[in-house]
Protein chains: 2
Amino acid sequence: MLENFFGQVLKKLREERGISQENLGHNSGLDRTYISLLERGLRVPTIVTLFKLAKVLDKKPSEIISLLENLNENSD
Amino acid sequence: MLENFFGQVLKKLREERGISQENLGHNSGLDRTYISLLERGLRVPTIVTLFKLAKVLDKKPSEIISLLENLNENSD
DNA sequence: ATGTGACTCTAAGTCCGTC
DNA sequence: GGACGGACTTAGAGTCACA
């Protein structure tokens, strides 16, 4: 369920920044609808995409992965 | 050059564990030739693949990403 | 401002092999 | 044991129209 966890984390971080999917998409060079796919767990990003998103969210990529680890531990 | 950095890190961690590409591939459920592609910087993994590799390498996925960040900072 | 379906295109990942 | 190639299948990257 890593896709879903990533989606949850992404949405949470985005909302913490108070920006829209549209804004995040634009500033990371990704399509708005693609952000939507990620947040709904319908896509799993490559690490390149992870780095792009992290930059706009003002987080280290490793911090985002770390959040994922926490969710992932309590589930398999 | 994120692909190249990931390849370097992967190779380093694998050799530290003293296992072959074949072994890493088998234990992570990935193809041996794909491990080779990753190490040579010809492919970039998804985060799902990252988690699979990290497990066999006995590292946290975030630790691996962290190593990447260090390499990446001094280059763009 | 977002969800969703229906795409196309490219890259992830596999499987065969040779050197 | 690993580099490298070809041919392949699957899934991510990226876009658009519409609700």
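To find a chain, count down the sequence lines: A is the first, B the second, and so on, and within it residues start at 1.
Under the Watson-Crick or G-U wobble criterion, with both distances below 3.5 Å, D/dG1 has no partner in any strand shown.
Without hydrogens or angle criteria, B/Glu69 side chain to A/Ser62 main chain gives a donor-acceptor distance under 3.5 Å. For B/Glu16 (side chain) and B/Leu13 (main-chain N/O), no donor-acceptor pair under 3.5 Å exists by modelled atom type.
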**OP:** Encode nucleotides 14-19 of chain D as B, S and - characters from 5' to 3', where the letter depends on protein heavy atoms closer than 4.0 Å: B to the base, S only to sugar-phosphate, - to neither.
**Re:** BBBB--
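One interatomic measurement links the two molecules: CG of A/Leu42 to C1' of D/dA11, which rounds to 12 Å at whole-angstrom precision. Rounded to an integer number of Å, the gap from NE2 of B/His26 to P of C/dT14 is 13 Å. The separation between B/Glu3 atom CD and D/dG12 atom P is 19 Å, rounded to whole Å. A/Leu53 places its CG atom 15 Å from the P atom of D/dG12, with the value rounded to the nearest Å. One interatomic measurement links the two molecules: CG of A/Leu50 to P of C/dA12, which rounds to 14 Å at whole-angstrom precision.
Around atom CD of B/Gln8, more than 12 heavy atoms belonging to other residues, nucleotides or ligands sit under 6.0 Å away.
When distances are taken from the side chain of A/Thr46 to each of C/dT2, D/dG12, D/dA3, the shortest belongs to D/dG12. Closest to the B/Arg40 side chain, of the nucleotides D/dA3, C/dT2, D/dG2, is D/dA3. Among C/dT2, D/dG12, C/dA12, the nucleotide with an atom closest to any side-chain atom of A/Val44 is D/dG12.
In terms of heavy atoms, A/Gln21 sits closest to A/Ser36 at OE1-CB, 3.5 Å. Residues A/Ile35 and A/Gly25 approach most closely at CG1-CA, 3.8 Å, considering heavy atoms.
Taking 4.0 Å as the cut-off between side-chain N and carboxylate O, B/Arg14 and B/Glu39 count as a salt-bridged pair.
Contact check, A/Ser36 against C/dG3: a side-chain N or O comes under 4.0 Å of OP1 or OP2.
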